[in-house]
Amino acid sequence: MTGKSDTQLKTELSRDLNLFHITMMGLGMMIGAGVFLGIGNSIHIAGPGGVLLTFTLNGALALFTAMSYAELSSAVPRAGGAYNFARIAYGGGTSFMAGWMEWFASSVAGSMYAITFSIYTMRYLWQLDLLNWIPLQYTDLSIKIMALLIALFFIYINYMGASETGKIGAIMTLGQTAFMVFIGLLGIVVAIRDPSRLENFKPFMPNGWSKLLVTMGFTYVAFEGYEVIAQTGDETIEPRKNLPKAMLYSVYIVSLTYVSVAFAAVVSVKAGSPGVIGAPWEWIGQFREKGFGEAIGRLIPAGNFLLTLAVIFASTSALNATIYSATRTSYALGRDGMLPHIFSRISRKRKTPWAALLFTSSIVLTIALFLPTIHVASSASIMFLFLFFIVNLSVIKIRYNMSEELVYGYLSPLFPLFPILAIVSQVILAIFLIHMSIIAWIVAPSWIIGGIIVYNIYSKSHAKPVESEIQVLEEERAPEGEEEIRVMIPIANPDNALSLVGNTLKLCRNKKARIKLLHMVQVPDQVPLTDAGKYMTEGKEGIIEAMLYLRPRFPITTTLRYCRNIARGIVSAVKEKKIDLLIMGWQGKREDSRFNLGGIVDPVVDRTPSNVVVFKNCGNRKFHKVLVPLFGDRNDLFAVEVAQALVEPGDINSRAIMTLLYLHGERKRPDPSQYIKSILSHISPEIEVRTKITRGKEKKRIILNASRYFDLVVLSTKERFKGRVGMMTIAEAVIRECEKPVALVKSSSRIISWTKKLI
Amino acid sequence: MDRDTIVGLILISATIIFNTSIIIYSRNLIERISRMKNPTALDIQKGNHDRKK
């Protein structure tokens with residue numbers, strides 16, 4: 001997606017989330033609280049067979065809606081989710097209601113995750129006798145206070161603009177899923193070894209089949225992860241393909257996991273074992289929302305601890321995700337004029353939408369404090385059911401009205417059978433939820449009526465006109481030339497722009513190059529990337545300055561790219577644009593001590609599949625004497641090539657001097673003289689080349705001592721399999737300490753890059 | 001086994017098989033569509049791969 005700013009710069013969004021990331025985001029949102037609260041309650045209401053059927057049938061039902069989401073997201077792959085789909089299908093009023101409901105549903109889900117965290121953490125602390133000082137009558141109050149504290153903590157985290165990065169979040173979710181799968185498998189093993197536990201399923205449906213509809217409605221919230229996947233439309237690689245896949249895969253994985261976990265919960269308790277009175281399912285059911293914990297505590301020796309740990313990870317990551325999802329939605333409503341302008345206010349310091357977060361927080365905290373757990377979960381479920389009802393209506397309307405206009409990546413089969421089945425079943429489940437919680441049926445419709453009033457009084461007259469959604473689908477491509485190489489220069493600030501430009505001119509002097517100037521704009525997670533124009537500030541200045549100098553010599557593309565993480569954004573841009581050479585500047589400072597050269601340079605050098613040159617303190621000087629340390633590997637040739645391009649004679653009568661310093665280590669290397677000879681054949685005869693072979697372990701010290709006599713040091717660094725944290729190449733050690741200008745170079749290695757990708 | 005158990009187990013098995021079939025079908029469909037150039041819903045329904053190439 002592209003747009004144009006007033007300075008004729010092309011702006012685009014950074015797409016750096018792949019199928020794995022977004023599938024894990026969906027799973028992370030689903031394996032939150034619904035299953036932990038739902039299993040005990042479902043066993044209590046529907047019985048041991050009912051709990052299995054609840055999660056199995058809900059999986060199929062969720063798949064129907066996931067297919068609608070998959071189709072719409074593939075056709076309109078941009079952030080916004082249900083709000084966006086409703087806007088295309090029905091326009092103003094319905095889209096407002098979708099956004100209004102989504103805001104409340106996500107906020108209530110946040111309250112539910114905070115309460116789940118509190119229930120399981122307090123339960124564990126009580127088992128350790130650490131909370132015995134709390135009087136019994138204050139048990140519920142202490143759970144509420146704990147829920148408030150954890151919610152406040154994540155509200156603060158969201159205000160600060162921080163959140164887990166895609167990879168850490170994905171790994172955490174992978175761990176949660178693995179733990180749940182482990183529990184499920186353990187349940188199966190236990191049942192095989194002790195078949196008498198299958199008797200726990202008798203009677204299969206003790207309370208009748210109608211109770212199934214109650215528990216299905218109650219636990220439906222545990223399947224609502226595809227909404228968060230739809231929100232990543234602007235940031236996903238190949239969104240038409242990956243969004244529908246991620247939605248369907250996550251629902252499928254989660255439904256199988258839930259069924260196996262529910263099975264494990266039922267067979268975990270042996271009839272007649274100490275403390276178990278009555279049938280095992282009745283015993284588990286009596287604990288209601290804590291039932292799952294009690295059951296798993298009997299299944300695994302350290303079950304309570306592991307389960308508490310899993311709940312802490314699951315509920316906190318889901319709490320974080322729901323708070324920012326709800327904030328984003330209310331922010332978008334404010335931005336589009338459907339809610340007062342204050343909702344779209346951004347904190348100058350933190351760059352986060354503080355007002356939207358404030359209003360979202362008030363809902364999360366109020367619901368968590370005043371509603372009993374079961375009503376909170378029911379309210380979240382009922383609101384999601386209403387929301388998905390609108391999405392299923394939207395998919396039908398859009399398919400019939402715009403099937404010739406939109407480009408699709410997925411189509412729901414047997415259309416419109418599944419959206420209609422989803423609509424009908426959602427209505428039935430919502431109605432049956434009244435048996436679970438009358439309060440939920442008061443809270444949710446009240447919110448909807450409130451929305452209708454707000455729309456008619458305020459939004460209708462204040463909403464901004466919407467641009468045609470189809471225009472967004474057009475992709476802007478720069479005309480391709482016959483250039484030899486594609487060069488990218490990420491420019492962070494105007495101060496170093498000119499030095500990078502000067503050195504780029506030298507490097508590309510005799511080449512047909514196409515230069516891409518890039519400025520990355522980091523946007524907090526709480527703000528959709530599409531609204532990132534607010535953060536475009538000093539980058540423009542630097543990029544325009546660089547453009548003025550380079551335009552007479554090379555074809556230039558200038559890009560402002562919005563991203564969540566600058567390093568990931570640069571790597572993603574290099575891959576997308578198939579860049580051959582990346583040129584960067586480094587000011588010699590590390591903001592984060594975990595990195596060798598900094599949180600941007602390290603990952604970029606490590607992960608970029610192109611050649612890379614990083615300049616330190618090079619400015620716009622002329623370099624007459626250049627030192628090139630040779631390490632006896634394939635990077636040397638690229639270092640020599642770069643040095644050759646940068647070095648120039650001092651005056652008409654003198655020649656440029658390049659000194660090759662061969663560092664002969666203890667390991668077996670190529671024969672030095674032969675190796676240097678092969679290198680020399682690549683150097684222009686106009687350059688005076690001097691060679692020196694040294695031996696010794698202290699390579700860093702040798703290079704630093706030698707560098708004192710040169711204007712520039714060109715160092716080659718290696719690509720490696722592991723991350724860079726805690727590891728440092730000699731080149732990195734030298735560039736950190738060297739007081740002379742340094743150019744750090746790395747030549748691309750397709751094989752290692754591919755291997756790393758596979759690993 | 002009583003009637004509820006038999007009906008329940010059949011329902012669970014049938015649903016899991018149904019879900020798996022939908023996933024496999026959808027995956028193949030997504031891959032097939034990804035090889036088409038700018039397909040509209042009508043193009044996909046007609047299986048017209050080259051319409052806009």
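Just so it is clear: chains get the letters A, B, ... in the order the sequence lines come, proteins before strands, and each one is counted from 1. Note that the structure is predicted; figures quoted are calculated from it, not measured.
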Q: Which heavy atom of N19(B) sits nearest a heavy atom of S255(A), and at what distance?
A: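 Answer, listing the atom of N19(B) first, then S255(A): ND2-OG, 4.3 Å.
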Q: Heavy-atom pairs under 4.5 Å with chain A: which of L9(B), T20(B), V7(B) has the most?
A: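 Between L9(B), T20(B), V7(B), the count favours T20(B).
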Q: L256(A) versus chain B, heavy atoms under 4.5 Å apart: side chain, backbone, both or neither?
A: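 Side chain of L256(A) only, per the 4.5 Å heavy-atom cut-off to chain B.
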Q: Are E31(B) and K245(A) packed together at the side-chain level, in the sense that at least one heavy-atom pair is separated by less than 4.5 angstrom?
A: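 They are in contact (side-chain heavy atoms under 4.5 Å apart), so the answer is yes.
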Q: Pick one of side chain, backbone, both or neither for I22(B), based on which atoms fall under 4.5 Å of a heavy atom in chain A.
A: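 Contact with chain A: side chain only.
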Q: Top residue by heavy-atom pair count (under 4.5 Å) with chain A, among T5(B), L11(B), T15(B)?
A: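 Highest number of heavy-atom pairs under 4.5 Å: T5(B).
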Q: Taking the side chain as everything from C-beta on, heavy atoms only, tell me whether D4(B) gets closer than 4.5 Å to W209(A).
A: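 Side chain of D4(B) against side chain of W209(A), heavy atoms only: contact under 4.5 Å found.
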Q: Could you tell me the separation between the CG atom of L406(A) and the CG atom of N38(B), rounded to the nearest 0.5 Å?
A: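 Here the rounded value is 12.0 Å.
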Q: Taking atom NZ of K202(A) as the centre, does the number of heavy atoms from other residues, nucleotides or ligands within less than 6.0 Å exceed 12?
A: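 Check fails, neighbour count at 12 or below.
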Q: Would you call Y408(A) and P39(B) a side-chain contact if the rule is heavy atoms closer than 4.5 Å?
A: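 The answer is no; the side chains never approach within 4.5 Å.
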Q: For F415(A), is it the side chain, the backbone, both or neither that has a heavy atom under 4.5 Å from a heavy atom of chain B?
A: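 For F415(A), neither part sits under 4.5 Å from chain B.
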Q: Taking F201(A), F204(A), Y249(A) one by one, which has the highest count of heavy-atom pairs under 4.5 Å against chain B?
A: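 Most heavy-atom pairs within the cutoff with chain B belong to F204(A).
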Q: S74(A), G49(A), P413(A): which one forms the most heavy-atom pairs within less than 4.5 Å of chain B?
A: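 Option with the greatest count: P413(A).
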Q: Can you tell me which portion of Y400(A) sits under 4.5 Å from chain B's heavy atoms? Options are side chain, backbone, both or neither.
A: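 For Y400(A), neither part sits under 4.5 Å from chain B.
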Q: Tell me, for L248(A) versus chain B, whether the close heavy atoms (under 4.5 Å) come from the side chain, the backbone, both or neither.
A: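 Both parts, heavy atoms under 4.5 Å.
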Q: Does Y410(A) form a side-chain contact (heavy atoms from CB on, under 4.5 Å) with I44(B)? I'd like the steps, not just the answer.
A: CA-CA 9 Å; Y410(A) 174 72; I44(B) 298 164; over 6 Å; no
Q: First locate atom OG of S26(B), then atom CG of L63(A), and finally report the distance between them rounded to the nearest 0.5 Å.
A: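 Between S26(B) OG and L63(A) CG, I get 7.0 Å after rounding to 0.5 Å.
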Q: Determine the sole option in I33(B), I30(B), L29(B) for which the side chain to side chain contact (heavy atoms under 4.5 Å, CB included) test with P244(A) is passed.
A: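 Only one option passes, and that is I30(B).
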Q: With a 4.5 angstrom heavy-atom cut-off, is it the side chain or the backbone of S412(A) that approaches chain B, or both, or neither?
A: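 Contact with chain B: none, neither part.
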